[in-house]
Amino acid sequence: MKKFLFNLFSVLLFAVLLTGCGGQEPNNNEQSETEQTGETENQESVMVTISENQGEKVIAEKEIAIEEGAILLEVMKENFEIEESDGFITSIEGVSQNEDEGKYWMYTINGEMAEVGANEYELTPGDEVTFDLQAME
């Protein structure tokens, strides 16, 4: 009888150990997939900030998923209320430039002043785009 109970206990212990080890493996795989997905999402998005007077007032800030070859003006039209003329943005989210005051929408990419209009700029994943309504100097 003792031998039977010992064998039964051994089989049950073995089953518990197998079940415990088997349950951990899928969790590790799920965690790895989540980490990989997070890395991919960061690489395929840009951060857009809309502000006034060199960042004194932030109007909007949004992380936007992009596809390869995305053009800035098109991405802005899809994600914000935009008015534009000849590829240059004249109003964002209802805030318009003011020619009388000499205030215009300027934008930077990763802290550097853009050298082309938004209709020509091809975004790169990870770009930080800032549109700022500011006086021309």
TODO: Answer with yes or no whether the hydrophobic clustering places Met113 together with Met136; edges join I, L, V, M, F, W, Y residues whose side-chain heavy atoms lie under 4.5 Å apart.
DONE: yes

Open item on the list: So, using side-chain contact (heavy atoms from CB on, under 4.5 Å) as the criterion, who are the partners of Asp132 when residues are at least two apart?
Closed with: Ser51, Gln54, Gln134

Open item on the list: Please list all pairs meeting salt bridge (Lys or Arg N to Asp or Glu O under 4.0 Å) that have one or both residues in residues 50-59, counting only residues at least two apart or in different chains.
Closed with: Glu52-Lys57

Open item on the list: Tell me which one of Thr124, Thr130, Val129, Val46 satisfies side chain to side chain contact (heavy atoms under 4.5 Å, CB included) with Ile109.
Closed with: Val129

Task: Residue pair Ser45 / Glu63: nearest heavy atoms and the distance that separates them - done: OG-OE2, 2.8 Å

Open item on the list: Rounded to the nearest 0.5 Å, what separates atom CD in Glu122 from atom CD in Glu68?
Closed with: 7.5 Å

TODO: Please answer: with hydrophobic residues joined when any side-chain heavy atoms are less than 4.5 Å apart, are Met47 and Ile92 in the same cluster?
DONE: no

Open item on the list: Using every non-hydrogen atom in the two residues, find where Ile89 and Ala118 come nearest and quote the distance to one decimal.
Closed with: CD1-CB, 4.3 Å

Task: Heavy atoms of other groups near Glu81 CD, more than 12 under 6.0 Å - done: no

Open item on the list: Assigning hydrophobic clusters by single linkage (Ile, Leu, Val, Met, Phe, Trp, Tyr; side-chain heavy-atom cutoff under 4.5 Å), is Ile64 placed with Val58?
Closed with: no

- [ ] First locate atom NZ of Lys62, then atom CD1 of Ile50, and finally report the distance between them rounded to the nearest 0.5 Å.
- [x] 10.0 Å

With a 3.5 Å cut-off and sequence neighbours excluded, list the donor-acceptor pairs that the side chains of residues 97-106 form with protein atoms.
residue : atom : partner : partner atom : Å
Asn98   : OD1  : Asp100  : N            : 3.0
Asn98   : OD1  : Glu101  : N            : 3.1
Asn98   : ND2  : Glu101  : OE2          : 3.4
Lys103  : NZ   : Asn53   : OD1          : 3.2
Trp105  : NE1  : Val95   : O            : 3.1

Task: Pairing residues for Tyr107 by the ring-ring contact (aromatic ring centres under 6.0 Å, His included) criterion, not counting sequence neighbours - done: Phe131

TODO: Look at the side chain of Thr90 and the backbone N and O of Glu83, then say whether any donor-acceptor pair between them is shorter than 3.5 Å.
DONE: yes

Task: side-chain contact (heavy atoms from CB on, under 4.5 Å) against Ser96, all qualifying residues, sequence neighbours excluded - done: Ser91

Task: Note, Tyr121 side chain near Asp127 side chain (heavy atom, < 4.5 Å) - done: yes

Side-chain donor/acceptor pairs under 3.5 Å, residues 69-78, sequence neighbours excluded:
residue : atom : partner : partner atom : Å
Lys77   : NZ   : Glu84   : OE2          : 3.3

